[in-house]
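To start, the structure itself, in structure tokens.
Excluded from the calculations below are hydrogen atoms, water molecules and symmetry mates; all remaining heavy atoms, backbone and side chain alike, are included. Please read all numbers here as calculations on a predicted model, not as lab measurements. In this chain, residues are counted from 1 in sequence order.
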Amino acid sequence: MTDIKELLLSRIRDVADYPEPGVMFKDITPLLADPAAFTALTDALAEIAEEAGATKIVGLEARGFILGAPVAVRAGLGFIPVRKAGKLPGATLGQAYDLEYGSAEIEVHAEDLVADDRVLIVDDVLATGGTAEASVQLIRRAGAEVAGLAVLMELGFLSGRARLEPALRGAPLKALLTV
């Protein structure tokens, strides 16, 4: 696992003062552009899906789509996008949540998740955990089981794990990197 961590870290670029002064943005686009690193990431997340017994992958808008879709293909599972409110046609379930600077809402197609589904949530970064926590609530409201949450990177100093663990009710939270 050390080799993959080194590979992934070597392909993540720090961008100072983005999107605002004082923020160190973790840019994953160099990782996505490197086929060896992107494949290693996809394989590692697909292995987590297998270990969790997942039947579907949920990707959180927007970078969770980029990571989650190839994981679903690699693992032979269905992929379900969780989108910002108003982006999906047809009947949806929504979940509102609070942000540091206001509130937001995410949605999923109501028919995409069923009671027999075990869902692994995939995203790029776990920060404060607000969006991930809302997705856990949304998946359960749809009648499915949360098999776990897997992220490329956890920003440990923002305490998202502490917020999420009670909501996960024992389902695993796996971060390939912690910064």
Item to check | Within 6.0 Å of CD in Glu50, more than 12 heavy atoms from elsewhere | outcome: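 Check fails, neighbour count at 12 or below.
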Checklist entry - More than 12 non-hydrogen atoms from neighbouring residues, nucleotides or ligands closer than 6.0 Å to CZ on Phe25, yes or no? => result yes
Under 3.5 Å: donor-acceptor pair, side chain of [X], backbone of [Y]:
X: Lys56; Y: Asp112; value: yes
X: Gln95; Y: Ala134; value: no
X: Arg11; Y: Ala33; value: no
X: His109; Y: Pro89; value: yes
X: Arg118; Y: Gly53; value: yes
X: Asp17; Y: Gly22; value: yes

Heavy atoms only: give me the nearest [X]-[Y] pair and the separation to one decimal.
X: Ala49; Y: Ala75; answer: CB-CB, 4.5 Å
X: Arg163; Y: Gly129; answer: CD-C, 4.1 Å
X: Tyr97; Y: Ile106; answer: CE2-CG2, 3.8 Å

Next on the checklist: Salt bridge or not between Glu107 and Arg83? Use side-chain N to carboxylate O under 4.0 Å.
Outcome noted: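 Looking at Glu107 and Arg83, the cut-off is not met.
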[X] versus [Y]: any side-chain heavy-atom pair under 4.5 Å?
X: Val122; Y: Phe79; answer: no
X: Thr55; Y: Asp116; answer: no
X: Leu126; Y: Leu173; answer: yes
X: Val119; Y: Ile80; answer: no
X: Leu149; Y: Leu120; answer: no
X: Thr42; Y: Val71; answer: yes
X: Leu177; Y: Ile12; answer: yes
X: Lys174; Y: Leu45; answer: no

Shared ILVMFWY cluster between [X] and [Y], side chains joined below 4.5 angstrom?
X: Val73; Y: Leu67; result: no
X: Leu88; Y: Leu60; result: no
X: Val15; Y: Ile28; result: no
X: Leu152; Y: Phe65; result: yes
X: Ile48; Y: Ile4; result: yes

Next on the checklist: Go through it in stages, so that I can follow the logic: the residues are Leu113 and Ile139, the test is side-chain contact (heavy atoms from CB on, under 4.5 Å), and I'd like the CA-CA distance, side-chain angles, deciding distance and then a yes or no.
Outcome noted: CA-CA 7 Å; Leu113 296 170; Ile139 290 162; 4.1 Å; yes
Checklist entry - Given Met153 and Leu176, is the side-chain contact (heavy atoms from CB on, under 4.5 Å) satisfied, shown in steps? => result CA-CA 6 Å; Met153 184 176 8; Leu176 298 178; over 6 Å; no
Checklist entry - Looking at OG1 of Thr39 and CG of Asp34, how far apart are the two atoms once the value is rounded to the nearest 0.5 Å? => result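 Spacing of OG1 (Thr39) from CG (Asp34) equals 8.5 Å.
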Item to check | Reported CD-to-CD1 distance for the pair Glu133 and Ile121, which is rounded to 0.5 angstrom | outcome: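 It comes to 10.5 Å.
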